[in-house]
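Data first, discussion second: the structure below is written as structure tokens.
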2 protein chains.
Amino acid sequence: MAKKPKILCVDDEQDILDLLTFNLEKEGYDVCTALNGRKGLEVAKRELPDLIILDVMMPEMDGMETCREIREIPALQSVVITFLTARNEDYSQIAGFEAGADDFITKPIRQRLLISKIKALLRRSAPSDVKKEMSIGGIEIDREKYLVTKDGVHIQLPKKEFELLVLLSSAPGRVFTRENILNSIWGNDVIVGDRTIDVHIRKLREKLGDENFKTIKGVGYKFEA
Amino acid sequence: MAKKPKILCVDDEQDILDLLTFNLEKEGYDVCTALNGRKGLEVAKRELPDLIILDVMMPEMDGMETCREIREIPALQSVVITFLTARNEDYSQIAGFEAGADDFITKPIRQRLLISKIKALLRRSAPSDVKKEMSIGGIEIDREKYLVTKDGVHIQLPKKEFELLVLLSSAPGRVFTRENILNSIWGNDVIVGDRTIDVHIRKLREKLGDENFKTIKGVGYKFEA
DNA sequence: GCCTAAGGTTAACCTAAAGTTAAGTTTTCT
DNA sequence: AGAAAACTTAACTTTAGGTTAACCTTAGGC
């Protein structure tokens with residue numbers, strides 16, 4: 001079997017954390033916890049869990065805010081986040097989905113339902129193991145050092161170009177649609193013209209070789225060796 | 001932009017269907033409806049929607065049963081299904097997840113919440129798409145990479161041809177009618193001549209081998225190894 | 001075995017999408 | 001503040017690929 005999925009639970013009540021931990025560990029998940037939003041963010045960065053359960057109501061930094069900040073972190077972009085809310089808080093669900101939540105669990109927690117939901121959510125999400133450095137076809141990319149080397153020569157790329165390269169190279173061969181690209185580099189809300197992407201692609205092609213960046217007309221772009 | 005996502009709503013109350021249709025169409029979705037489970041199954045087979053909203057309580061064939069039967073159909077295995085339930089029916093949610101549901105929407109329907117949920121579900125399901133690669137009779141199809149390999153040789157197919165191949169190969173051996181094909185690749189509203197499909201089929205036969213694409217005269221086409 | 005309708009073939013045409021360039025704008029750095 | 005670098009936009013060109021129309025072939029009912 002694959003590695004145990006890791007779940008981070010964030011709630012300000014220790015009782016709830018215990019309850020979640022007990023039930024989730026019984027199901028074979030690897031559980032970690034945090035008592036508030038800020039700590040949750042820290043733990044999330046360190047542990048890179050597969051799923052995060054966030055209480056909406058927390059002192060200091062609430063679930064919404066935590067969720068938004070988590071979504072800012074590139075390594076956690078694809079993590080599944082579900083909120084924990086009191087029943088009948090529909091209005092908060094709307095804001096929640098907009099903050100980047102994937103689902104909601106209502107209190108009081110029904111154990112069987114909790115497990116079913118978690119399973120359904122994890123079933124849908126793909127495993128995400130991202131390496132810090134990579135080398136494909138003479139091109140080396142070091143995401144942490146913000147450095148690109150082609151045939152042994154360092155190339156300093158501007159931010160947007162670098163982000164685009166990182167995105168495309170995160171799954172070599174995979175096609176990213178313009179929508180994909182806009183969402184992950186510019187964010188859902190920012191609107192930039194379509195030609196902007198082309199221009200950045202052009203720059204990359206100029207600097208790193210035409211042949212590595214393929215256009216799939218009507219679909220998007222992909223990076224290949 | 002990508003093709004409009006297609007949503008099938010199944011409920012025995014016309015009022016609810018109208019409400020759903022109105023709200024979803026306003027958001028730019030392609031909506032179709034059915035008044036009971038059995039009809040829902042029929043429409044689902046014909047239209048191959050991206051998401052299905054099923055009322056749990058329906059005469060004749062209830063939501064659970066419909067859901068189970070939908071999951072039996074290969075072409076619909078990865079469709080997102082959400083149930084429509086009365087509030088406080090948690091017990092039915094457990095059974096629902098086990099029947100293959102992805103989420104629940106509670107009545108009375110809150111419009112903003114409905115839309116948020118639908119968006120979140122479609123967003124989540126889009127990239128996963130369950131199986132990304134498949135291999136039938138020497139032909140490998142990788143949806144992510146938008147890449148087809150025949151006997152070890154990469155073949156780059158144009159968008160429409162690729163979509164057609166993906167559709168036909170999603171249920172090898174099954175016959176897709178021209179109507180099926182038009183509905184799922186071009187969408188309900190777009191109208192293209194009949195010969196257009198033939199031309200794309202021809203291209204596929206040229207590139208991937210005549211023998212794999214069978215014509216059933218008067219009915220449609222099927223893909224076989 | 002003929003006739004008809006469904007399907008096959010081809011090449012010309014058309015269009016939406018991507019490429020290109022240069023001119024603004026914004027940001028960053030000294 | 002001023003200059004340089006990065007980013008975005010706009011206007012224009014190019015092109016892949018989608019569609020069509022006109023004609024040809026074939027299956028299968030009679």
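The model shown is predicted, which means the values in this text are computed figures rather than measured ones. Numbered from 1 within each chain, the chains take letters A, B, ... in sequence-line order.
- Remark on DNA chain C: of its neighbouring residues A/D198 and A/R202, the 5'-side contact belongs to A/D198, judged by nearest-heavy-atom nucleotide.
- Between A/T196 and the phosphate of D/dC7, there is no side-chain N or O to OP1/OP2 separation shorter than 4.0 Å.
- Distance CH2 (B/W186) to P (C/dT15): 18 Å, rounded to an integer number of Å.
- Side-chain contact between B/Q156 and A/I216: present, with at least one pair of heavy atoms (C-beta onward) separated by less than 4.5 Å.
- Rounded to whole Å, atom P of C/dA5 lies 15 Å from atom CG of B/D194.
- Here C/dT15 presents its C1' atom at 12 Å from NZ of B/K160, a figure rounded to the nearest Å.
- Within the 3.5 Å criterion, the main-chain N or O of B/N183 finds a donor-acceptor partner in the side chain of B/K6.
- Rounded to a whole Å, the CD1 atom of B/I185 is 11 Å from the P atom of D/dG18.
- Of the side-chain N and O atoms in A/H200, one or more sit less than 4.0 angstrom from OP1 or OP2 of D/dT8.
- In this entry the distance linking CZ of B/R205 with P of C/dT10 reads 13 Å, nearest Å.
- Between the CG atom of A/L182 and the P atom of D/dT9 there is a distance of 11 Å, rounded to whole Å.
- Closest to the side chain of B/V192, from the set D/dT20, D/dC7, D/dA16, is D/dT20.
- When every heavy atom of A/L84 is checked against every heavy atom of A/D55, the shortest pair comes out as O-OD1, 3.1 Å.
- Side chains of A/T215 and A/R205: a donor-acceptor N/O pair is present below 3.5 angstrom, by distance only.
- When the side-chain nitrogen and oxygen atoms of B/Y221 are compared with OP1 and OP2 of C/dA6, none of them lie within a distance under 4.0 Å.
- Between the P atom of D/dG17 and the CG atom of B/L164 lies a distance of 16 Å, rounded to the nearest Å.
- Within the 4.0 Å cut-off from OP1 or OP2 of D/dA22, not a single side-chain nitrogen or oxygen of B/R195 is found.
- For A/T215, a side-chain nitrogen or oxygen approaches OP1 or OP2 of C/dG19 to under 4.0 Å.
- Distance alone, capped at 3.5 Å, is enough to place a donor-acceptor pair between the B/N180 side chain and the B/R46 backbone.
- For the pair A/I201 CD1 and C/dT21 C1', the computed distance is 17 Å after rounding to whole Å.
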